[in-house]
Amino acid sequence: MKPAHDNHAKSSTGARVDDYLARLEEALELLGPTEAADTRAELGSYLAEAARDGRVDEVLGTMGAPESFAAGILSERGMLATPGPLPSPSGARIAVAAIVDVIVAIAPLALGLPLAFLMPAQSMYAGATALNWIGLVIAIGILVITVGIWPWYYWRSRNRPGRNQSVGRNVAGLRTVRAGGEVRVVRASDMPRGRRGMTRAGAVIRFLVAFWIVGGVAYAMVYSYAQDRQSPPDLVLQVVAQDVGSAVGVTTQLTAAVMEAVSAGRATTEAPPDLLEDAAVETYLELLGSAIDNSARTYEITWVSEATYVEPDSPLLSDATFLVEALERGGENQAWRFTVRKDTEVMDDGTSSVTSYQISHIQIGERWAP
Amino acid sequence: MDSFSSWVAQLRKGVVELLVLRLLAARGPLHGYAISRHLQELGETVAGESTVYPVLKRLEAESLVTGAWIQEGEAPPRKDYEVTEAGREFLVKASEQWQTLDGALRLLEEETR
């Protein structure tokens, strides 16, 4: 029976040889995956012969570091010369790669921002569904990846060869390869063919599939949003676009100003002029003004929920739907729905009074079913 | 690397190509390890793995030698190389060139004596 230390030495040598061969294959990537793998297998056989003669250490010492040994092979083939048989890619290709990389980096942000800050946030006001909450989690995940993980991954893989290279370089038909001890960017079409590695078609398909998945999730959320609001999906995009401009800050300021004016019996046009630009807001002002003197053609205010319990000294919060429809604007009927948050203060004697109104949401529709 | 070492490296690189082809032409198919061992037996400084193997791979890429994987018994498969027809033609020309250079060198040495 062989002594234990002998077995340990053998396994240690085997691990060292395996590590050497793995590094060698990586450093030979410029040869193409087939020849690199073939050379690895051949060197494995070579070192097995050396092991039988007890010369592994000697042979490895003669070969030197795997990167420099690989550099010797590539140099013999003229692949490390500049300019060599593998010309540097054109500036146009590099530009295409950079543009695609930027798109890939920005796309999750562009999708994640509206999903995270508009739809789920507004759903909280109007009553979130399970799908909304799932959407919120997905959106936050997209943002985390975009803000944190994606740039980190991109930075980490910027100079890594093979499958870890950027999407842009794959789409542009470029390859980041390790040649000996250096990293180079070459045209994939200039490299020897092999079994492994991602083709340009594969990269494009991955890119499209990724967009399809992300776009599908986004569309599903938008569709769900539309279903929740009983609104045609194509109008939801208008809603989102309008919400970006009006729902954040503007409507709350406007409502505060308008309600203050209404309660004081003043004309609604006293609201700040810069808040009156939006058509929906203008309509709202008109309606508020009409409601005061009962001149509105068609409108309806429906309190959809009221708090039934509240902590002492805390304001009562309730959501209300302010529905306005059939206003003739430019010969077309329009419908506006304002979701209004009503703050009610409860007094010590049990009485209550409304302290403020805030618009939390505005939607546009052809006609809103009551 | 000093000038002499650099010159030896360059010389060896050119000579190893000739030695590998001649060895394969004389001994028939050999695998990489056997080629290295044979050359090392000719002299310690003739060629090491770091020189022989890259040259062997280039000769294969240039179709001057051809390699084939051989499986014998339970031993790991190995790749045997043999000289191609193009390699033999190359060897003839290279040997002639070598003889010419060698002759010129000897002639100059005799003149300087």
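- For the residue pair A/Thr39 / B/Tyr53, no side-chain donor-acceptor distance below 3.5 Å is found, with atom types taken as modelled.
- Proximity to chain B is limited to the side chain of A/Ala48, based on heavy atoms less than 4.5 angstrom apart.
- The shortest heavy-atom contact between B/Tyr33 and A/Glu49 is CD2-CB, 3.4 Å.
- For CZ of A/Arg52, the number of neighbouring non-hydrogen atoms (other residues, nucleotides, ligands) closer than 6.0 Å is greater than 12.
- Counting only heavy atoms from C-beta outward, the side chains of B/Lys79 and A/Leu43 never approach each other to under 4.5 Å.
- The number of heavy-atom neighbours closer than 6.0 Å to CZ of B/Arg22, taken from other residues, nucleotides and ligands shown, is 12 or below.
- With rounding to the nearest 0.5 Å, the separation of NE2 in B/His31 from OH in A/Tyr46 is 9.5 Å.
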(request) May I have the step-by-step check of side chain to side chain contact (heavy atoms under 4.5 Å, CB included) for B/Trp69 and A/Glu42, ending in yes or no? (result) CA-CA 9 Å; B/Trp69 285 96; A/Glu42 188 179 355; 3.9 Å; yes

